[in-house]
Structure formats: structure tokens, C-alpha cells
Trainee: 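Here it is: the structure, laid out below.
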2 protein chains.
Amino acid sequence: MMNLDTTFAALADPTRRAILSRLALGETTVGELAAPFSISLPAISRHLRVLEHASLIVREKDGQHRRCRLDPRSLKGASEWLDFYRRFWSEAFDRRDDHLKQTEGDDHGHDVDKHDG
Amino acid sequence: MMNLDTTFAALADPTRRAILSRLALGETTVGELAAPFSISLPAISRHLRVLEHASLIVREKDGQHRRCRLDPRSLKGASEWLDFYRRFWSEAFDRRDDHLKQTEGDDHGHDVDKHDG
DNA sequence: TAGTTATTTAACTAATACGTTAAATGATGA
DNA sequence: TCATCATTTAACGTATTAGTTAAATAACTA
């Protein structure tokens with residue numbers, strides 16, 4: 001789906017992040033993916049559906065199995081969104097109070113969500 | 001709270017991302033923050049509670065008002081988590097299939113969630 | 001064809017999320 | 001003190017989410 005709502009919502013679940021972490025090591029099947037978890041296979045299957053819907057993974061049939069692999073597009077999108085805020089924790093802006101005081105009041109009535117695309 | 005579940009869940013809502021985007025311009029009050037949105041003030045107040053709980057903002061009393069400002073800690077944490085996956089979309093790894101085939105099968109039984117802390 | 005394996009769908013439950021309106025709190029100022 | 005302004009809390013409705021077990025689908029194997 002490739003929108004930030006869906007991406008961040010998908011990343012908010014620890015099981016799903018663990019699945020992505022496993023897929024970072026290489027593509028694999030649903031069963032293999034499910035093995036380390038204590039939850040049921042249908043639960044994993046739904047997590048995979050969420051991840052696929054969020055364009056975080058791609059699934060393709062391989063005979064009886066279904067292989068899953070990482071799809072970096074949404075991760076990239078999320079990372080880029082966060083990059084906008086990088087200046088707030090980067091060392092160069094540690095004295096950000098000065099910066100905030102400087103920009104404050106300059107630009108009310110701006111488009112508050114313009115980089116939210 | 002500073003854990004990834006809470007951080008990503010907080011970022012999954014477009015109103016909350018818009019609030020963060022506004023706060024990137026400088027600290028402000030609840031009312032000013034609420035103005036551009038069509039939803040009620042209590043709804044905004046709850047979004048702010050979620051953001052504060054996720055350590056994405058800090059609120060402090062200022063007389064009758066309550067000023068809100070960005071807290072970069074959780075954003076940094078989320079960004080760092082995503083950085084782990086950067087190689088999957090960076091140009092250097094565009095031919096990642098080769099890489100996956102190479103690592104696949106090397107390390108089954110690994111800790112699937114080890115960088116999730 | 002029948003049986004087994006891999007995975008998904010269906011039906012359900014419990015918890016959580018996001019919105020509403022109305023009421024409560026708390027500071028300011030006449 | 002009384003009224004007002006800024007904000008939060010309470011109570012509620014509805015939608016979504018994450019889990020369960022049981023049944024369905026689909027592909028391989030004997």
C-alpha cells in the first residue's frame with residue numbers, strides 16, 4: 001500500500017518486526033518463519049498479510065510452499081519520513097532551543113503536514 | 001516509554017504525524033496545535049497524551065497553557081531500527097538477491113529479534 | 001484416489017483505538 | 001467571587017486488531 005499510516009502500523013507489532021528481522025537474513029517459507037514463535041500459524045499468516053499489504057514483504061508461490069522476502073520500499077519511505085527530524089537529535093543541533101526560538105513565529109499558517117505524503 | 005511498539009504505533013496516525021511536523025517548527029500550545037484540524041479538542045488532547053507516552057513530545061505547564069515540544073529520543077530510536085535495513089534499499093545492495101542467496105542457510109536458529117531491543 | 005503437508009479462511013472473543021459530547025479542572029482577570 | 005479561557009477526563013459508540021480453534025484449499029506423495 002506504501003502509505004505511512006499502513007507502514008508504521010505494521011511496524012508497531014513486535015512479531016512483525018521479528019519477521020522482518022528474520023527476512024533480512026534471506027527469504028524463507030511461512031512455516032520456517034513461524035517456527036520461532038509461540039503463536040499459531042493462522043496468526044502468523046495474518047501478520048504476513050499485514051506486512052504484504054504494507055509493502056514490507058513480497059510473497060510468491062513455490063509449489064506447496066509460499067516464499068516470503070523483504071520488500072524495502074516501505075521501510076525506505078518510513079526512514080525518509082524520519083530523516084526530516086534527524087536534525088533534532090543530531091549533534092549539530094544539540095542547542096536546538098536557540099533554533100526553535102529563531103524559527104518560531106516566522107511561519108504560522110504553514111501546511112502542517114506537507115512532508116507527510 | 002521509548003519502546004518501538006509504542007513509537008511506531010504513535011507514528012501510525014496521520015494527525016499525530018502532522019502534530020510532530022508542526023512541532024518541528026517550534027514549540028506551541030495545545031490550542032494552537034489543534035487549530036488546523038477538524039477534530040475536537042479532546043481528540044487532540046488524547047493524541048498528545050499518546051505522543052507524550054511514546055516520548056515523542058514533552059509537555060510542560062505554562063500558566064493557563066500547556067506548551068508542547070518535540071522530544072527526539074523516540075524518533076531517533078525508530079530511525080536507528082530502520083537503519084538496520086538501509087542496505088536493502090541502498091544502491092550498493094541493489095543486487096541483493098546475490099547477497100540473500102549467500103547468507104541463506106548459514107544461520108538457522110539465530111536470535112530472530114536480536115536488534116529489536 | 002487417498003493421505004499428508006503447507007497455508008489460508010472463517011467464526012469467534014477480548015482488548016485497544018479513535019472519535020464524539022458533556023462535565024470537570026485549573027489559571028486568569030474583572 | 002464570578003465568569004472565562006485552556007485543557008483534560010468521563011462516558012460512550014463503533015471499528016480495528018490480535019489471538020484462538022476448526023474447517024477449507026491446494027500441492028505433493030504413495
Side-chain angles (χ1 to χ4, degrees), chain A residues 1 3-20 22-23 26-69 74 108 112-113 116, chain B residues 1 3-20 22-23 26-69 74 108 112-113 116:
Chain A
M1 192 185 260
N3 81 308
L4 289 168
D5 285 28
T6 311
T7 302
F8 283 128
L11 294 178
D13 185 279
T15 302
R16 287 194 291 262
R17 288 198 308 279
I19 287 171
L20 294 177
R22 167 62 187 84
L23 291 179
E27 76 178 49
T28 186
T29 67
V30 176
E32 223 182 324
L33 220 37
F37 299 101
S38 53
I39 64 178
S40 67
L41 210 47
I44 296 290
S45 180
R46 260 236 290 276
H47 282 306
L48 293 174
R49 184 152 60 85
V50 171
L51 288 168
E52 185 178 45
H53 189 234
S55 297
L56 285 162
I57 68 169
V58 175
R59 290 188 285 183
E60 72 188 88
K61 257 204 243 180
D62 176 24
Q64 195 173 2
H65 300 264
R66 216 164 159 191
R67 285 186 308 175
C68 309
R69 64 174 194 276
S74 288
H108 296 271
V112 91
D113 203 17
D116 200 89
Chain B
M1 192 184 260
N3 82 307
L4 290 166
D5 285 27
T6 311
T7 303
F8 283 128
L11 295 177
D13 185 278
T15 301
R16 287 194 292 261
R17 288 199 308 279
I19 287 171
L20 294 177
R22 168 62 188 85
L23 291 179
E27 75 178 50
T28 186
T29 67
V30 176
E32 223 181 324
L33 220 38
F37 299 101
S38 53
I39 64 178
S40 67
L41 211 46
I44 296 290
S45 180
R46 198 114 55 115
H47 282 306
L48 293 174
R49 184 153 59 84
V50 171
L51 289 168
E52 186 179 45
H53 190 235
S55 295
L56 285 162
I57 68 169
V58 175
R59 290 188 285 183
E60 71 187 89
K61 258 203 241 180
D62 177 23
Q64 195 173 3
H65 301 263
R66 216 165 160 190
R67 286 186 307 176
C68 309
R69 64 173 193 277
S74 288
H108 296 270
V112 90
D113 203 17
D116 201 89

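From a predicted model like this one, the values you see are computed outputs, not experimental measurements. Numbers restart at 1 for each chain; the letters A, B, ... are given by sequence-line order, proteins then strands. Computed from heavy atoms alone, side chains included, the values below leave out hydrogens, waters and symmetry copies.
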Trainee: Check the distance between C:dT8's P and A:L33's CG and give it to me in whole angstrom.
Mentor: 10 Å

Trainee: Once you round it to whole Å, what is the distance between C1' of C:dG26 and CZ of B:R66?
Mentor: 12 Å

Trainee: Write down the distance between CZ (B:F37) and P (C:dG19), rounded to a whole number of angstrom.
Mentor: 10 Å

Trainee: The side chain of B:Q64 is closest to which nucleotide in this list: C:dA27, C:dG19, C:dT8?
Mentor: C:dA27

Trainee: Sequence neighbours left out, what passes salt bridge (Lys or Arg N to Asp or Glu O under 4.0 Å) with B:R49? Give chain and number order.
Mentor: none

Trainee: Using the closest heavy atom to pick a nucleotide of DNA chain D for each, name whichever of B:R59 or A:S38 lands nearer the 5' end.
Mentor: B:R59

Trainee: Who pairs with A:R16 by salt bridge (Lys or Arg N to Asp or Glu O under 4.0 Å), at least two apart in sequence or on another chain?
Mentor: none

Trainee: Round to the nearest Å and state the distance from A:E60 atom CD to C:dT7 atom P.
Mentor: 13 Å

Trainee: Quick one: closest heavy-atom pair of A:A9 and B:A12, and the distance?
Mentor: N-CB, 3.5 Å

Trainee: For B:G63 and B:A9, take the nucleotide of DNA chain C holding the closest heavy atom to each; which residue's nucleotide lies nearer the 5' end?
Mentor: B:A9

Trainee: Provide the closest heavy-atom pair for B:L41 versus B:A34 in the form atom of the first, atom of the second, distance.
Mentor: CD1-CB, 3.3 Å

Trainee: Looking only at heavy atoms, what is the nearest atom pair of A:C68 and A:L23, with distance?
Mentor: O-CD2, 3.5 Å

Trainee: Can you give me the first and the last nucleotide of DNA chain D (5' to 3') that has an atom within less than 4.0 angstrom of a non-hydrogen atom in chain A?
Mentor: D:dA18 to D:dC28

Trainee: Measure NE2/B:H53 against P/C:dC18 and give the value in whole Å, please.
Mentor: 13 Å

Trainee: With side-chain hydrogen bond (donor to acceptor under 3.5 Å, both in side chains) as the rule and sequence neighbours excluded, what pairs involving residues 34-45 of chain B come up?
Mentor: none

Trainee: For A:H65 and for A:R16, find the nucleotide of DNA chain D with the closest heavy atom, then tell me which residue's nucleotide is more 5'.
Mentor: A:R16

Trainee: Just jot down the salt bridge (Lys or Arg N to Asp or Glu O under 4.0 Å) partners of B:R66, sequence neighbours excluded, or say none.
Mentor: none

Trainee: How long is the gap from CD1 on B:I39 to OG1 on B:T15, to the nearest 0.5 Å?
Mentor: 4.5 Å

Trainee: In residues 40-50 of chain A, which residues come under 4.0 Å of DNA chain C by heavy atom?
Mentor: A:L41, A:P42, A:S45

Trainee: Rounding to a whole Å, what distance do you find between B:L51:CG and C:dA17:P?
Mentor: 13 Å

Trainee: Is the closest side-chain heavy-atom distance between A:I19 and A:L56 below 4.5 Å?
Mentor: no

